[in-house]
2 protein chains.
Amino acid sequence: MRWEELDREPCSLARALSIVGDRWTLLVLRECFLRVRRFEEFEQRLGIARHVLADRLKKLTDAGVLAKVPYQERPRREEYRLTEKGLDLYPVMLTLLDWGDKWMSGPEGPPVLRRHKTCGHVVHAVHTCSECGEPLDARSMTVERGPGAPAAVKAEGGAGS
Amino acid sequence: MRWEELDREPCSLARALSIVGDRWTLLVLRECFLRVRRFEEFEQRLGIARHVLADRLKKLTDAGVLAKVPYQERPRREEYRLTEKGLDLYPVMLTLLDWGDKWMSGPEGPPVLRRHKTCGHVVHAVHTCSECGEPLDARSMTVERGPGAPAAVKAEGGAGS
DNA sequence: GCCAGTAAGTTCTTTTTCTGAACTTATGTC
DNA sequence: GACATAAGTTCAGAAAAAGAACTTACTGGC
């Protein structure tokens, strides 16, 4: 399978990975969530090759995750801001962060803590069911064909002989 | 920055990405969560080069995300199973899946649905605060130095002049 | 008007990684 | 003894990333 074909796979994970499943992209997005918006600032903070940064910003912009917003004219300069689609990646970041905190920290503990403004506590995310509110785990879930499944696969389970 | 340095960054996201932030790794893990365990089955389902598959399985095993378990002797054959650390990546998969469902599906809807055995509904994950139970979003969170922060950064905010 | 500076890239060369195909090892079956 | 199977390893060529230099379009000082 080629990388460019990934967004056409009948799998939301593959499609999500076609955008964020790359070495640098999630680190660029981490900076976005830390309010970094300008080309040079991304470059300095990440130590990424300018070439690769330009490519990733373009891909994220084309994908609708970031938007280019002019912050001055003459000379025209543009910065990159998270769109609604991009902001919606926050749970992905948070979930990866929590996993890293739990499994990749040394004995001292995690390097960064996240505090919930609303309640004032240092927190992590709990992944609960949108319908019943119980915590979700791998064993309590089953998968089934969805409305966007390709016809061939659809026939297999539905109108089979 | 080099890929191999990523796991030493004082950032849980970078550390998590040092394991799962790669083209193929999350697709391999997707198959693991679908109960795929053998080399050939990964290869056939993913269309991945054997060389790359061997490398990813080794890296995941070295990282403690998968474990090699013999399923027969003479000839000895081993399969790959998710460890506790690996199973704990389920929320990461789920969160990426939900994002893909929401933003990468066509007008028909997502290709696959997930049903919660416990309540019987088609569900998605809601990311709630471990302390107060409210849903979490980017704007309601702040970050601060944690106990595992490197000394230099630690001094900056703590014992500053 | 000319030179230095700045932000946001683009171009180029070298190194690394990936793809695709063939080969290896240890064994079991016809 | 020839062929099959599972789990890899090895190799050549293609694609992508790293690192450094170059480009564009302007501003501000002299």
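Atom set for the values below is all heavy atoms of this structure, side chains included, hydrogens, waters and symmetry mates excluded.
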(request) Kindly work out whether a path of hydrophobic side-chain contacts (I/L/V/M/F/W/Y, heavy atoms less than 4.5 Å apart) joins B:Met141 to A:Leu96. (result) yes
(message) Less than 4.0 angstrom between a side-chain N/O of B:Tyr80 and OP1 or OP2 of D:dA6, yes or no?
(response) no
(message) Holding to side chain to side chain donor-acceptor pair (under 3.5 Å), I want the full list of residues that pass it with A:Asp55, two or more places apart in sequence or in another chain.
(response) A:Lys59
(message) Could you tell me how far apart B:Ile48 (CD1) and D:dT9 (C1') are, to the nearest whole angstrom?
(response) 15 Å
(request) Would you please name every residue forming a side chain to side chain donor-acceptor pair (under 3.5 Å) with A:Arg37, sequence neighbours left out? (result) none
N/O donor to acceptor pairs below 3.5 angstrom from side-chain atoms of residues 84-93 of chain A, sequence neighbours left out:
residue	atom	partner	partner atom	Å
A:Lys85	NZ	A:Ala63	O	2.7
A:Asp88	OD2	B:Lys102	NZ	2.9
A:Asp88	OD2	B:Trp103	NE1	2.7

(request) Compare the minimum distances between each of C:dG9, D:dA17, D:dG8 and the side chain of A:Arg56, then state the nucleotide with the smallest one. (result) D:dA17
(message) What is the separation between atom CG on A:Asp55 and atom P on D:dA16, rounded to the nearest whole Å?
(response) 9 Å
(request) With sequence neighbours excluded, tell me which residues meet salt bridge (charged side-chain N to carboxylate O under 4.0 Å, His left out) with A:Glu108. (result) none
(request) Could you work out the complete set of other residues in the hydrophobic cluster of A:Leu113, with links drawn between I, L, V, M, F, W and Y side chains under 4.5 Å apart? (result) A:Val122
(request) May I ask you to say what A:Glu78 touches in the nucleic acid, namely base, sugar-phosphate or nothing, with a heavy-atom cut-off under 4.0 Å? (result) sugar-phosphate
(request) May I ask you to evaluate whether A:Lys68 reaches the phosphate of C:dA7, defined as a side-chain N or O under 4.0 Å from OP1 or OP2? (result) no
(message) Rounded to whole Å, how long is the line connecting atom CG of A:Leu57 with atom P of C:dT10?
(response) 11 Å
(request) Could you state whether A:Leu26 and A:Val52 fall into the same hydrophobic cluster, counting links through intermediate Ile, Leu, Val, Met, Phe, Trp or Tyr residues with side-chain heavy atoms under 4.5 angstrom apart? (result) yes
(message) Among residues at least two apart in sequence or on other chains, which ones pass salt bridge (charged side-chain N to carboxylate O under 4.0 Å, His left out) with A:Arg77?
(response) none
(request) Whole angstrom is fine here: how far is it from CZ in A:Phe39 over to C1' in C:dA8? (result) 6 Å
(request) May I have the distance from A:Glu41 (atom CD) to C:dT6 (atom P), rounded to whole angstrom? (result) 16 Å
(message) Is B:Trp24 close enough to C:dT17 that one of its side-chain N or O atoms is under 4.0 Å from OP1 or OP2 there?
(response) no
(request) Whole angstrom is fine here: how far is it from NE2 in A:His51 over to C1' in C:dG9? (result) 10 Å
(message) Between P on D:dG19 and CG on A:Leu46, what's the gap in Å once rounded to a whole number?
(response) 13 Å
(message) Categorize A:Val52 for me: base, sugar-phosphate, or nothing, with a 4.0 angstrom heavy-atom threshold over every strand shown.
(response) sugar-phosphate
(message) From C-beta outward on A:Arg23, which listed nucleotide comes closest to its side chain: D:dG19, D:dG8, D:dA17?
(response) D:dA17
(message) Please tell me whether B:Phe33 and B:Val28 are part of a single hydrophobic cluster in this structure, the criterion being side-chain heavy atoms less than 4.5 Å apart.
(response) yes
(message) Per the ring pair (Phe, Tyr, Trp, His ring centres under 6.0 Å) rule, what does the pair list look like for residues 34-80 of chain A, sequence neighbours excluded?
(response) none
(request) Using only side-chain N and O atoms of A:Tyr71, determine if any of them is under 4.0 Å from OP1 or OP2 of C:dA8. (result) yes
(message) Rounding to 10°, can you tell me the angle the first-five-pair axis of the helix from C:dG1-D:dC30 to C:dC30-D:dG1 makes with its last-five-pair axis?
(response) 20°
(request) Report the distance from atom CG of A:Leu53 to atom C1' of C:dG9, rounded to the nearest whole Å. (result) 10 Å
(request) Report, as a single string ordered 5' to 3', how protein heavy atoms within less than 4.0 Å touch nucleotides 22-30 of chain D: B base, S sugar-phosphate only, - not at all. (result) ----SS---
